[in-house]
Amino acid sequence: MNLHFPALLLSLLPLAAAEFPKAPPLLPPDTRYKADLLLIVAHPDDDVVIGGYLARASLDEHKRIAVIYCTTGDGGGNSVGFEAGRSLGEMRTIEARRALGSLGIENVWFLDGHDTPGQDVLWSLDNWNHGGALDRIVRLVRLTRPEVILTWLPDYVVGENHDDHQGAGVLATEAFDAAGDPTRFPEQVAPPRNRQGMMNMTEGLHPWQPQKIYYFTDAFEDFGPYWHDVQERSPFRKNIAEDAGPTYSQTDISPLRKTSYAKLTAEYQTFYLTQEGYLGTGAIKKNDFQDFEYPTRFIFGKSVVGGSTTGDIFENVRPDDACAFAPVTGYRVSKTDELTFELGEPWAFYRAFWKAHGIEHISSLLPVPEAAIRFGNTLHIPLTIRNGTTAARDVTLTFQLPAGWSNKTRFAVYPVRAGEAYPVQAEIAGPQTGERGWQQLTFQGEVDGRRIGTVELRVYVSNSGALPQ
Ligand SMILES: [Zn+2]
């Protein structure tokens, strides 16, 4: 045995360490920004709709919540002052920070989208620079690493149905499916060359696959305070969110605050004074929170960790678990060699969008598409004729309208060449007056007396300013 060997080895060690210096361990993502739940909405005050749940999750379940607003709310009205436009937006961002701060929520971001009046989601996505907004939301998903995303329902539903709300829901769904994919916005997940140096052009984030996404809507009849004209609240229709996801009672008592979530929602709303804060202050003054006792309902979107449709939002959720990327099928061409006739954008977009993102069950919430109109106004209905055949065809459109309605569409016959999709804007004048309620409109496309498709649309006719036209 060579007794000198261990001594020789020891004498070599310092030399080895000097020759092969060990790098420090990687720095983990900054835990101050980790969220359990990320809320993605359009306007400062959209959060009031689920204010009771936010209070429950933040105060009583100790969930870390982060929030993204796609706009500053610069297009809204001002209930208490003369400030409008961008100035109002500056104020509403502070209202939101104060409201969320009252629940202990501090990680809040505002994108630079502007308010888009209307109901067509494609208008909002265009107005917001869709790609740029998605870039920012994906970045914030990767930064906050939420297990759950909550957002507005991406669907055209009569009620409040703001196109910006729908736009937030579309972007949130896209971000849910993109943030775990390192080939989407790869500059965000490429490491910086030198994190302590300046002008790093890549961002050092990690891909992140959220586990669940849920939607909510304010287009339902028992959503008390938001129906300005109480007369319009009934009859409407079954709440589309009923049994479509978890429900949380507003009359439950918050163990921390020792008061009902309804009252906490009213208090929460008072921060949004430029908006409908008066509903909150009024309820507090009267000590009557009935208008805030509507249950908070969510619509199950999808989950990559299983769980039931109506189970708790955090059912099956694995805390702090970096889930494997769960790719969706994406858009698939469904070619037909037929002539077809269907409702155009934005409904056509949604049909393809739900399928592409694995949330096709959203289509069953409203089996017959719907729209709303005030008495005396005109409805613009987008229709699409597709010719999948190899020959040009003349397609005749016929409309079946209820009494009091009239067709103002300029043309009735459309020449559609092989392979073309012809967009038609039907113009239908609604009745001048009558009973408010739902009416059914039917549109048919025919070629040589043969029907190629039927489009049905339910239209809610009323005098209400609360309902869009
Ligand atoms: Zn809104």
Side-chain angles (χ1 to χ4, degrees), residues 38-54 67-80 83-86 88-100 105 108-128 133 137 149-173 214-220 223-228 240-241 265 268-280 292 294 296-299 346 372 464-469:
L38 174 63
L39 173 66
I40 302 175
V41 286
H43 312 118
D45 89 333
D46 288 355
D47 33 308
V48 176
V49 186
I50 57 159
Y53 178 75
L54 294 178
V67 184
I68 301 172
Y69 295 94
C70 296
T71 77
T72 60
D74 59 357
N78 186 344
S79 298
V80 291
E83 301 83 357
R86 285 176 194 248
L88 176 66
E90 301 293 356
M91 295 162 74
R92 291 182 68 178
T93 57
I94 302 293
E95 288 183 338
R97 288 191 191 283
R98 287 178 175 159
L100 291 163
I105 301 167
V108 185
W109 290 274
F110 298 87
L111 308 190
D112 47 14
H114 295 295
D115 278 21
T116 321
Q119 282 81 50
D120 187 333
V121 65
L122 302 178
W123 295 5
S124 293
L125 293 173
D126 187 53
N127 194 25
W128 290 355
I137 293 176
I149 290 181
L150 301 181
T151 188
W152 284 114
L153 179 68
D155 192 6
Y156 192 110
V157 181
V158 165
E160 166 69 19
N161 194 38
H162 201 299
D163 47 1
D164 287 345
H165 294 182
Q166 299 174 54
V170 165
L171 282 161
T173 306
Y214 288 89
Y215 302 113
F216 54 88
T217 175
D218 56 4
F220 53 91
F223 187 28
Y226 293 85
W227 293 94
H228 303 269
I240 59 165
T265 308
Y268 188 78
Q269 182 145 48
T270 63
F271 287 95
Y272 289 108
L273 271 188
T274 66
Q275 303 305 300
E276 286 156 326
Y278 58 89
L279 294 170
F292 293 88
Y294 56 87
T296 308
R297 290 196 169 96
F298 292 93
I299 295 167
S464 172
L467 287 168
Q469 31 176 311

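Both ligands and their constituent atoms are indexed starting at 1 by order of listing.
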Asks: Does Tyr268 have any side-chain hydrogen bond (donor to acceptor under 3.5 Å, both in side chains) partners at least two apart in sequence or in another chain, and if so, which?
Replies: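 With neighbours one apart ignored, the set is Asp47.
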
Asks: For Thr274, check side-chain contact (heavy atoms from CB on, under 4.5 Å) against everything at least two apart and list the hits.
Replies: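 Once residues adjacent in sequence are excluded, the partners of Thr274 under the side-chain contact (heavy atoms from CB on, under 4.5 Å) criterion are Asn78, Val80, Leu88, Met91, Arg92, Glu95.
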
Asks: Strictly under 2.8 Å, how many protein N, O or S atoms lie near the Zn ion (ligand 1)? Waters don't count.
Replies: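 Protein N, O or S neighbours of the Zn ion (ligand 1) under 2.8 Å, waters not counted, come to 3.
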
Asks: Is there side-chain contact between His114 and Arg86, with at least one heavy-atom pair below 4.5 Å?
Replies: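 SC-SC contact between His114 and Arg86 confirmed.
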
Asks: Do the ring planes of His165 and Trp152 sit parallel (below 30°), tilted (30 to 60°) or perpendicular (above 60°)?
Replies: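 Parallel, since the angle between the ring planes stays under 30°.
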
Asks: In chain order, what residues pass the side-chain contact (heavy atoms from CB on, under 4.5 Å) check against Asp163, with sequence neighbours excluded?
Replies: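 Expected list: Thr116, Trp123, Ser124.
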
Asks: Under 3.5 Å, is there a donor on one side chain and an acceptor on the other for Thr93 and Tyr69?
Replies: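 There is no such pair between these side chains.
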
